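Data first, discussion second: the structure below is written as structure tokens.
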Amino acid sequence: MIKAIIIFIVFNILAFIAGTWSDDPSSEDGGHIVYRLSFGGCSVILSGIVAGLLCGVLKLPASAFICVFILLVAASGVAGFVIRKKRGRKSCRLGITKVFPVFAAVVAAEVFAVIFYRTDLTSALSGIRTATAVFDSGYGSCADPMMVFIGAICRLTGIHPMLFVHVMLSAPFIVLYNLCYMALIKTVTDKEPEVIAAFLTVAALNIWGYQSDALIPVTLLLEWFGSGVFIVHGLLTMLAVILIRRLRSKGVNDEIKVADNETPEDISEEWDMNRHKIINARNLAIALGVLAVSLIFVVIVLNNKINKLYDATVNLQAELNGRCSMYEFAPEGKVEGYLLRAGDGTLSFIGGGSEKNADELRDFLSKYGNSITNWYVYGNDDENSGAAKALILEGVVGVEGIYVINREETDLK
Amino acid sequence: MIRELIGQLYMSLRDVVGYGSVAVLFAASVIVVYLCSGDKRKEIMPVVLSVPVSICCAAAQLFNAVLQKTKKSSLRIAAVIFAAALVLLAIASSGRSMFSRQYATRAENAMHIPQDLPDAMDEILNGNDEAKVLTMPDWELFFYDYSSRFIIAEADTAPEAHKELSDVHPDMRIIANDAKRNGCEYVVLSKGLWPDLPLSKFGYELIYNGDLCEVYREVKAP
């Protein structure tokens, strides 16, 4: 319990340090702590994922991972701090409102639920295996970087990954993702009733899940520790916040320009050129973006095609072997017998001819198998069963049963 | 090629957005966000990046619209309750509760492993650098998550044993033979199995007997 509280506090201190870059460009104040902790928390996890990726690719030990992770968090914090000082921002405000009790109650209920209820989602639990491997070996692996991150932290703290994921990690991660939603809601609206309503909607979505194929595995209360959950509930949410802020600040700038009574006549030639440059750069960026998206989809389609081709061919040999096949025995160009291989692999031979075919028949059977289940000969004489007798007497062919058939035509037709 | 690209894009979108009532919920959310945001439409539209985010923003916009358009205080409360019920009903009817028995059960311990299994796994790992184990198909995941020192005989390597283990009355001779063939020194079985003859009759000895599971070790000739 004490360890869980320490991890919660440490995570939020790191989030506070790494979240110094969370200022709203359209606002002059220091920002709300919700933004700082949500941006910072996502930065911390992203730093962990990047460090986990490096650690996995380069097969670095967990200690090296911790160094890279701390460097990344510190770099993010220092960069944010410098920018903040340049802009002359005040420190962020706590601003406890009526929303806080609702937030606290919902988050506490969710944390309680994930600690005391066991999920049976196989895809969620299978990821912990990677963290356990890192915990046991002390080295990263080329697997889910989030799990490498968790495994390295477990190695450092000496806590088993299963205990860490289910007890220690639930509080900081679930609080973080709910803070991300709160940050987005507060960006969209400032009115308290709306904020509460939207937040309760998120809580309902966390309980019932959004049942699409892609989103059900990333339902927060099923897999709060996965990479997919981080992308859907953390990154995408914060990306939406950043985009809304950008669009809003652009709108504010446009309004300021209109207020300054700028007319087209006042626009200087230099300004016009700059404007064209910006437009050209923007068009180029859009074109490159479209090209990149097209390329990604071409790669996806080709990848799908290759996968389909692989699936079609991977079992081809097994399927071919599983089917009934017939091979012709034709020494000196004249057909003297047929070898039948049934779907279960058993061999039957029909014919064979005289003893002079024995050598060639021996070579022929050595290619397909010397264990014949049923051998059908056209007669008991040397002319029709001489080769069969020779091979059986030599002991090179094992035969379960020999049957004589005749080729007399009947009147059935 | 273009057709395939569009097809792929459409399928990916359907995977994210879902089908039936789930897709209707998302579409309704996008429409609500678009219609209710008024002058701020351009600013707010990035919320459609994420499905859960767009649903929560739609709910916020819906409540705002309800509060703005209802002037009488008694009606406002009724309208808010109605809107809340509508949102909750839409989410609950398109989803399934995470706390239903299908998804979650009460955890027996902090590690979220069935009771007895940690003790059984410790018993196996005690004094072994590696342990090859045949166990119940549902428990393989717990062994992998507990320690990377376990090597599990999975269904593709021991198909006959796995077929028997999925039966309430398994043939222990088949399980023992398949386990030996795969070099499994340990077999961990559920107490819910009712074999005619115990595994101890086929070259394995009982080394751990818990409430939920029992652990057998292969008897090796001196």
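Throughout, a chain's letter reflects where its sequence line sits, starting with A, and its residues are numbered from 1. If you're wondering where the values come from, they're calculated on a predicted model, not measured in any experiment.
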Legend entry - Part of B/E108 lying under 4.5 Å from any heavy atom of chain A: side chain

Legend entry - Under 4.5 Å from any heavy atom of chain B - which part of A/V114: backbone

Inset, instruction - Taking atom NZ of B/K163 as the centre, report whether more than 12 heavy atoms of other residues, nucleotides or ligands fall under 6.0 Å from it. - result: no

Legend entry - Shortest non-hydrogen contact from B/A110 toward A/H166: O-CB, 3.5 Å

Legend entry - Best-contacting candidate, B/G18, B/A59, B/P52, against chain A by heavy atom pairs under 4.5 angstrom: B/P52

Inset, instruction - Please flag which part of B/V16 lies under 4.5 Å from any non-hydrogen atom of chain A: side chain, backbone, both or neither. - result: both

Inset, instruction - Would you indicate whether the side-chain heavy atoms of A/I185 and B/C56 approach each other to under 4.5 Å? - result: yes

Inset, instruction - Kindly state each residue pair satisfying side-chain hydrogen bond (donor to acceptor under 3.5 Å, both in side chains) with at least one member in residues 228-238 of chain A, sequence neighbours excluded. - result: A/Y181-A/H233

Inset, instruction - Mark yes when over 12 heavy atoms from residues, nucleotides or ligands other than B/R149 sit less than 6.0 Å from its CZ; otherwise mark no. - result: yes

Inset, instruction - Report the option among B/S147, B/G7, B/A58 that has the most heavy-atom pairs separated by less than 4.5 Å from atoms of chain A. - result: B/S147

Inset, instruction - Name the member of A/L236, A/L239, A/I244, A/L243 that forms the most heavy-atom pairs with chain B at distances under 4.5 Å. - result: A/I244

Legend entry - Per-residue contact mode, B/L88 against chain A (heavy atom under 4.5 angstrom): side chain

Inset, instruction - Evaluate whether atom OH of A/Y117 has more than 12 neighbouring non-hydrogen atoms of other residues, nucleotides or ligands under 6.0 angstrom away. - result: no

Inset, instruction - Sort A/L184 into side chain, backbone, both or neither according to what part of it lies under 4.5 angstrom from a heavy atom of chain B. - result: side chain

Inset, instruction - Measure B/F26 against the heavy atoms of chain A and call it side chain, backbone, both or neither at under 4.5 Å. - result: both

Legend entry - Gap separating the CG atom of A/D136 from the CZ atom of B/F150, nearest 0.5 angstrom: 10.0 Å

Inset, instruction - Let me know if B/A23 has heavy atoms under 4.5 Å from chain A in its side chain, its backbone, both or neither. - result: backbone

Inset, instruction - Report yes if the side chains of A/R118 and B/R106 come closer than 4.5 Å at any heavy-atom pair, otherwise no. - result: no

Inset, instruction - Please state whether the side chain, the backbone, both or neither of B/I55 comes within less than 4.5 Å of a heavy atom of chain A. - result: both

Legend entry - Contact origin within B/L25 toward chain A - heavy atom pairs under 4.5 Å: side chain

Legend entry - Other residues, nucleotides, ligands: >12 heavy atoms within 6.0 Å of B/D156 CG: yes

Legend entry - NZ (B/K191) with more than 12 external heavy atoms under 6.0 Å: yes

Inset, instruction - For B/F142, look at atom CZ and say whether over 12 heavy atoms of other residues, nucleotides or ligands are found less than 6.0 Å away. - result: yes

Inset, instruction - Examine distances only and state if a side-chain atom of A/T132 and a backbone atom of B/D145 form a donor-acceptor pair shorter than 3.5 Å. - result: yes

Legend entry - Expected output: side-chain B/H112 to main-chain A/I115 donor-acceptor under 3.5 Å: yes

Inset, instruction - Check A/R129 against B/Y144 and note the closest heavy-atom contact, atom names and distance. - result: NH2-CD1, 3.3 Å

Inset, instruction - Please flag which part of A/L205 lies under 4.5 Å from any non-hydrogen atom of chain B: side chain, backbone, both or neither. - result: both

Inset, instruction - Give, as side chain, backbone, both or neither, the part of A/A131 having an atom under 4.5 angstrom from any heavy atom of chain B. - result: neither

Legend entry - B/Y34 atom OH: more than 12 heavy-atom contacts under 6.0 Å: no

